[in-house]
Asks: 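Structure incoming, see below.
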Amino acid sequence: DQQVKQNSPSLSVQEGRISILNCDYTNSMFDYFLWYKKYPAEGPTFLISISSIKDKNEDGRFTVFLNKSAKHLSLHIVPSQPGDSAVYFCAARVNTGNQFYFGTGTSLTVIP
Amino acid sequence: DGGITQSPKYLFRKEGQNVTLSCEQNLNHDAMYWYRQDPGQGLRLIYYSQIVNDFQKGDIAEGYSVSREKKESFPLTVTSAQKNPTAFYLCASSILRATNTEAFFGQGTRLTVV
């Protein structure tokens, strides 16, 4: 059973506008959440994360929001740039555990 | 430079042959993982290891085998029992059970079975 879900397989956004990628999870024990960016034929690279004790974490153009009551997190990219075009994976883990659980990914296309 | 190295980047094998994918890390991480990526299915866990000489099955372990004889190395063998071996394989590592740490990935191996 998929514990981390990304229900939007793809998203297209104009350059300069905001990109919002969404992720839902089912396991209330998750206490650390991550976003990875992946280009074709390459390994995912870590982008940004958030601990369950926070509801927002910001790093430059990237902000992750966590709504624990809704078991939902989102990644905001502002402003979007063509180089942001990639597949974005949401992931979650229990800090005392040993596995990362990944969503199915959202393919973002930023149109120049 | 610390990191994870997967080799080869591209691999072609005939159906029915076993093939081994290499994964080496110099990050001194205890935990290592193998994932498979297929279109529309995200990253699915094949095997993971927390310590030398110990490993656990993930969600899709059937048709695969691993070994962990050294902390730095976690090779994956795709056996002839794997029904659909053509895929993109990713190796990762992380600090074990540490708070708020991420997994680091290699560049992947694209396996094509013909």
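We name chains A, B, ... by the order of the sequence lines, and we start the count at 1 in each one.
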Asks: Does any heavy atom of chain B fall under 4.5 Å from the side chain of A/F33, the backbone, both, or neither of them?
Replies: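 A/F33 has no heavy atom closer than 4.5 Å to chain B.
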Asks: Looking only at atom types and distance, does a side-chain atom of B/S49 sit under 3.5 Å from a main-chain N or O of B/R68, one as donor and one as acceptor?
Replies: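 No.
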Asks: Considering only heavy atoms, which portion of B/L43 lies under 4.5 Å from any heavy atom of chain A: side chain, backbone, both, or neither?
Replies: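 Both parts, backbone and side chain.
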Asks: Where does A/F46 contact chain B at under 4.5 Å (heavy atoms): side chain, backbone, both or neither?
Replies: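 Side chain only.
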Asks: Check the orientation of B/W34 and B/F74. Use parallel for under 30°, tilted for 30 to 60°, and perpendicular for over 60°.
Replies: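 Correct class here is tilted.
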Asks: Against chain A, label B/S94 side chain, backbone, both or neither, depending on which of its atoms sit under 4.5 Å from a heavy atom there.
Replies: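 Contact with chain A is through the side chain of B/S94 alone.
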Asks: Fit a plane to each ring of B/H29 and B/F104, take the angle between them on a 0 to 90° scale, and name the class: parallel (under 30°), tilted (30 to 60°) or perpendicular (over 60°).
Replies: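 The rings of B/H29 and B/F104 sit tilted, inter-plane angle from 30° to 60°.
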Asks: Under a 3.5 Å distance rule, please check whether A/Q2 uses its side chain to pair with a backbone N or O of A/F102 as donor and acceptor.
Replies: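 Checked: pair present.
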Asks: Between B/R44, B/Q50, B/Q41, who has the most heavy-atom pairs with chain A when the cutoff is under 4.5 Å?
Replies: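 Max contact count across the listed options: B/Q50.
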Asks: So for A/P9, is it side chain, backbone, both, or neither that comes closer than 4.5 Å to the heavy atoms of chain B?
Replies: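 The answer is neither part of A/P9.
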Asks: Relative to chain A, which segment of B/A103 carries a heavy atom at a distance below 4.5 Å: side chain, backbone, both, or neither?
Replies: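 The answer is both parts of B/A103.
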Asks: When the aromatic ring centroids of B/Y89 and B/Y35 are compared, is their separation below 6.0 Å?
Replies: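 No, too far apart.
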